[in-house]
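Reading through the structure tokens given below for one structure.
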Amino acid sequence: MGAILKIKNLSVDFDNKKIIKNINMKIEEKKITAIIGPSGCGKSTFIKSLNRMIEEEKNSTIHGAILLNGKNIRDMDKEQVREKIGMVFQSPTPFPLSIYENMTYAPVYYGIKDKKQLKLIVEEKLKIAGLYEEVKHDLKMKATKLSGGQQQRLCIARALTVEPEILLLDEPCSALDIKNTANIEEMLMKLSDIYTIIIVTHNLSQAKRIADYTAFMLNGEIVEYGKTEELFESPKDIRTKQYIDGSFG
Amino acid sequence: MGAILKIKNLSVDFDNKKIIKNINMKIEEKKITAIIGPSGCGKSTFIKSLNRMIEEEKNSTIHGAILLNGKNIRDMDKEQVREKIGMVFQSPTPFPLSIYENMTYAPVYYGIKDKKQLKLIVEEKLKIAGLYEEVKHDLKMKATKLSGGQQQRLCIARALTVEPEILLLDEPCSALDIKNTANIEEMLMKLSDIYTIIIVTHNLSQAKRIADYTAFMLNGEIVEYGKTEELFESPKDIRTKQYIDGSFG
Amino acid sequence: MHRKFEKIFAIIIKLLTFFSIIMLSFIIIFIIKESIPVFKKVSLLDFLFKMEWNPLGEPQSISIFPMILASIYVSLLAIIIALPIGVGSAIFLSSVLSEKIRKILKPAIDILAGIPSVIYGLIGLLVLVKFFEVNFDFSSGESVLAGGILLSIMILPYIISTCDESMIRISKQYKIMSEGLGVSKWHMIRYLILPASKKSIFAGSILALGRAMGETMAVMMVIGNSPVLPKLFGKAQTISALIALEMGGAEVDSLHYHALFAAGFVLMMILFFINMIFHYIIKNIDL
Amino acid sequence: MHRKFEKIFAIIIKLLTFFSIIMLSFIIIFIIKESIPVFKKVSLLDFLFKMEWNPLGEPQSISIFPMILASIYVSLLAIIIALPIGVGSAIFLSSVLSEKIRKILKPAIDILAGIPSVIYGLIGLLVLVKFFEVNFDFSSGESVLAGGILLSIMILPYIISTCDESMIRISKQYKIMSEGLGVSKWHMIRYLILPASKKSIFAGSILALGRAMGETMAVMMVIGNSPVLPKLFGKAQTISALIALEMGGAEVDSLHYHALFAAGFVLMMILFFINMIFHYIIKNIDL
Amino acid sequence: GSKVNSNEEASNNEFKSQILFKGSSTLAPVIAKISTNFIEKYKTWDKVDKDFPNKSLDIFVSAGGSSAGVKAVIDGSSDFGMVSRSVSDEEKGKIEGYKEFKIGLDALTISVNPENKVYEVKKSLSTEEIQKIFSGEYKYWDELDSSLAHEEIVIVTRDLGGGAHKVFQKKVMGDKKVREDAIQAPSMGALVTKIMENKNAIGYASYGMVNQNTGKIIPLDVDGVSPTKENIISGDYKISRPLLVIKKGELLPQEKAFIDFLLSEEGMKIVEKMGFVPAK
Ligand SMILES: Nc1ncnc2c1ncn2[C@@H]1O[C@H](COP(=O)(O)OP(=O)(O)OP(=O)(O)O)[C@@H](O)[C@H]1O
Ligand SMILES: Nc1ncnc2c1ncn2[C@@H]1O[C@H](COP(=O)(O)OP(=O)(O)OP(=O)(O)O)[C@@H](O)[C@H]1O
Ligand SMILES: [Mg+2]
Ligand SMILES: [Mg+2]
Ligand SMILES: O=P([O-])([O-])[O-]
């Protein structure tokens, strides 16, 4: 396989403050790539650039190119880009609708009308995200009433309903307990047979467990990027080593 | 020392669905108590009961008593309860104001008018939460523009401005990287000289690292509660053991 | 101490509210007080449900059933016309147009609220009524329909203003999530913004309904002011037109005068009940 | 396919918007068209800035400077009075009152919007004007002040409705966080809800301003209708009162008639500019 | 309380600089306009007459209907009453030293749209025909005269409680009622506009409005008498009412000065301009 996504000289400014600084990177197809790095270093900004979500921030300016299968995403329809590159945001924000409506929101758009089919999708994706058992009797409840972790799982399930080629996950397990985290990780590893996955995580052991490739980001730059084992076991950059060794417990 | 908080027969229902089931518990003064348990088991609901926040959910009914220094918190002023028992919510939600205004929001209420003094407080608490260096030049920026982890640290700093006796923290490190997590943990251990701290976490090693006492919650019940080492090393209940052993990595 | 300031602030807010409640009560009480003499002569039921209005005739008859129907008919018609147009325009303004064009178009729409009703009435008379006469061969174009159409234009800015502002807020909050799902703007509008703006749409409709029921001059000029049972293509007379038309000539403190106030009181009550029903509906829709 | 439905939906929304823009343009064009003949006889500057209005005199003079000032004066006065009361009441309704009482009080306030202006005018005449005459020894109570006060009551529901709904939304979103800090309701109102509702308050004010400028009948009855420079305690005449008062008597297609439309056009432009300024201010406040 | 007393005393002894008018809403704008001119011309009383003190000139006009005007004069709450109908003997009996000044006449013409050929076919309508038209007995124009088109007659009236309609009711309709679905125009201007805009409309336009819109609306004769100034003043044309200013007791000198101005040529010109037939 090869690189499904090529990032060339990507820079992002907010109000002329450089947040992402000239990143060059290739993302391998059907692999899991983890982005690690301290809070505020630009991880979210970076992955938001990958499906052009960053353009919605009004004070941003973007330079460089991102090629999806060799095609610049800037030359594509925004919607098309996002259909192909799905995303789960860092802060889980369900729509102020019922759980069911949250789940059918995208499928209805993609042309699925049949009630039975919709129900199947809702069920399937909620099961993958490990939420189905908890909410199967409350599908009509407002999604905003769910617990923090439940909301996060709902958002993951919602992103899966789009059936994207690439899935961007911004700290998808931050509000989850071990069991659910394990569920999600298992799911991601299964999904990587079909999808390309990019995951932002502050949990190094998570990156170790599931990622094929890992990138370490610091102050808007990719300090080091490579196979996960190599990066964790023999980091080439002193800063990477320091960051990993800061780890404990 | 003794128990600063006594929880007697606490039950919470949402729309007649039992979420918290008859909890009895004593919280030790100037110690860190961790609440662990799977997602959706009622952890947030439980700690929201401790400072009467749960009463703001309209579909809730609450039974039982919570005694703060022997006094039923139901007989106290809500505001007074919350002045004494501060809280950091699971989803970090800064007010749609500037960072500075977020930080001075409570101090202004508690009577601090002097600009210099306010500035000192803002600086001090932001430093404790490890956010000061990152935002010191952008104190007038809208807080909603901060990164996920920055928002979480801001909310912790904001809770500290109240100077409560008891601090309730609902997964305060969920969006934080290792370094910042370490910072916060260090801070909490220091604070436990003065404050009583109750922390909800899905990170077992975090509980092990910092908590004096740990309670394991399942389906709205406290399955086991005791010294942290005892609970982790020789759990009495089979379910506790299963939950802990589910741990990995 | 800061808490002292807070007390003062609380007192000010309470005072201001007290003020508006005082005004409200005062106006309601005034209208009720001026209405009461009528009900010493005519029973409330007769006043409400009989057909004839002839306060100066011998024997006097004062009943406003046709006007009640006409008021409700014309206003609801106006709402039915204005609601889709208003909500549609609000959607377009808030979610489709660029900020730049929006900033010009919005104030332009807002001025619709500021055009004096005489001018609306005149336009209605010269254009709308004429149009019906010429194109539909009405003997005279004054009709409930003309009133409804004219009113719908007049209440448009109230609906648009109330919806647009909250739609912008909702769109700001959820747009990113929705776009992250690769869904089009139109889908977001239909499945997210519209359902989430229900409350604002209702609030706008209620405000507009009040405006429609209270409006006088413009309606008066295009509806014919005949106190007969209203038909869509027929003439009618609304309560507010009745009041405006006859208040000038009614002798102060005469039965006629009091009857006009009583008509105003009835209008108030109708509005109150319709609002209550609206509030009830919205409460039950939004579970 | 669903996308087809979506296309239809988009077309409907666009059509509806198109409708309202057509209506808007039509009305504006109509007014402009009817105004133009005036400016063939009188220069725009003379029309705007000279003092005398005497369209039937010999020589004719048609200038509306005093009315322009009066319109602005009375409406701004009304806003100045109504804004604090309205915002205060909205705060009270949304953040202090229990849901139950709110559900009764809100529809009651909304009916204020539905009371016909004649009745407001009459109350103004019988109560407000009388009050000034008796208590302040005015030779006659008809005055800008009376007009401003009366108008402020009439526009109150527009301000309250627009603010209240968005305050409830904001309070819902942040109340829990605020309460978690042990802060009182009043502190939250002052330091969180008020600053976050700025936009709604502005939107409400603009709507109310439009209503105030366009209102005719009620103002006409209490302001004295003297085409002199307005003073707070003196008589004055607003543009809309001028139009309503003279439109009935003006010969169609006479200069007088066109001059009245031109006055309406000026009113529209004033409103437009004030709205633009408002929008500009709100844009720059909310950084 | 004491303030009111001192005020009353003052008005008894001192020069009364205010004049109050109350009554007919038809007449109110006329008196208001004339008083505005009067005030503009003189500003203070001493300019009217050297014997008067240097006090500001205040003339207040408030509308409330003719009957309210009579009532105000009876109970003394107003200096003058404005009445746009004849004052009954019973009312006169209640006013000591009754005085009345006829300012002018308000006449109503039965007018139609120029496109309506009725004025060619029937130059004059009889009272009975007018009754039949307005009461709805004739529904179509061809019922009035078979040569006319078979088109619905559109009746336009003023509000049925108002002064104008009262005159029409009394002088033409008698006991008969105007048909219910007649259009009630909110102002005389609207009534005239309607006649101008609708070719089947008929209504009672005021004399003044007809003169302003010659050619755009056509007044018909009534019982063979055409609505000319002479016929109206002489009383031959019957659909008219007097415009009166009434007073209880003797006039004060300053009041007389204003009434003189009212009845002067300048005053009469304004009466005519406002659409009425001046008394002189
Ligand atoms: N307002 C509410 N109405 C109805 N059900 C609710 C409400 N709030 C919470 N619940 C339900 O109560 C249960 C417990 O919620 P709670 O937020 O306490 O869980 P939690 O232990 O904090 O979970 P997590 O770790 O995911 O945050 C969940 O099943 C949730 O769906
Ligand atoms: N819209 C914006 N305007 C201005 N500054 C912004 C904006 N969004 C983000 N920033 C700033 O850009 C920097 C990077 O933000 P980003 O959200 O990418 O960090 P992150 O790596 O995802 O951090 P975390 O792990 O805390 O989520 C932060 O300092 C943040 O304050
Ligand atoms: Mg982030
Ligand atoms: Mg929780
Ligand atoms: O007020 P009137 O002229 O109709 O008596």
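Throughout, a chain's letter reflects where its sequence line sits, starting with A, and its residues are numbered from 1.
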TODO: Return the minimal non-hydrogen interatomic distance between E:Glu197 and C:Glu133, and the atom names on each side.
DONE: O-OE1, 3.9 Å
TODO: Please check if atom CD in E:Glu120 has more than 12 non-hydrogen atoms from other residues, nucleotides or ligands closer than 6.0 Å.
DONE: yes
Open item on the list: Shorter than 4.5 Å, heavy atoms on both sides: which option in C:Asn225, C:Leu126, C:Thr216 has the most such pairs with chain E?
Closed with: C:Asn225
Open item on the list: Which atoms of E:Lys199 are under 4.5 Å from chain C, going by heavy atoms: the side chain, the backbone, both sets, or neither?
Closed with: neither
- [ ] Could you pull out the closest heavy-atom pair between E:Lys177 and C:Glu52, with the gap in Å?
- [x] NZ-OE2, 2.7 Å
Open item on the list: How about CZ on C:Phe272, more than 12 heavy atoms from neighbouring residues, nucleotides or ligands closer than 6.0 Å, or not?
Closed with: yes
Task: Beyond-backbone contact of E:Arg179 with C:Ser226, side-chain heavy atoms, under 4.5 angstrom - done: no
Open item on the list: Among E:Thr157, E:Ile153, E:Asn198, which residue has the highest count of heavy-atom pairs closer than 4.5 Å to chain C?
Closed with: E:Asn198
- [ ] Supply the atom-to-atom distance C:Leu125 CG to E:Met196 CE, rounded to the nearest 0.5 angstrom.
- [x] 10.0 Å
Task: Closest contact, heavy atoms only, E:Gln184 versus C:Pro227 - done: NE2-CD, 3.8 Å
Task: Side-chain touch E:Asp159/C:Leu242, heavy atoms, less than 4.5 angstrom - done: no
Task: Spacing of CG belonging to E:Asp181 relative to NZ belonging to C:Lys235, to within rounding of 0.5 Å - done: 5.0 Å
- [ ] Heavy atoms only, distances under 4.5 angstrom: which of E:Asn200, E:Val156, E:Val154, E:Ile183 has the most pairs with chain C? Name it, please.
- [x] E:Ile183
Open item on the list: How long is the straight-line distance from OG of C:Ser140 back to CD of E:Glu152, given to the nearest 0.5 Å?
Closed with: 7.5 Å
Open item on the list: Tell me if the CZ atom of C:Phe30 is crowded by more than 12 foreign heavy atoms within 6.0 Å.
Closed with: yes
Task: Residue among E:Glu151, E:Lys71, E:Lys194, E:Arg158 with most heavy-atom pairs under 4.5 Å to chain C - done: E:Lys194
- [ ] Please look at C:Val134 and chain E and tell me whether the side chain, the backbone, both or neither of the residue comes under 4.5 angstrom of a heavy atom of that chain.
- [x] neither
Task: Which atom of C:Leu245 lies closest to which atom of E:Pro186, heavy atoms considered - done: CD1-CA, 3.5 Å
TODO: Using a cut-off of 6.0 Å, state whether more than 12 heavy atoms not belonging to E:Lys238 lie near its atom NZ.
DONE: yes
Open item on the list: Atom NZ of residue position C:Lys41 - does it have more than 12 heavy atoms of other residues, nucleotides or ligands inside 6.0 Å?
Closed with: no
TODO: Give a yes or no on this: more than 12 heavy atoms of other residues, nucleotides or ligands lie within 6.0 Å of atom CD of E:Glu143.
DONE: yes
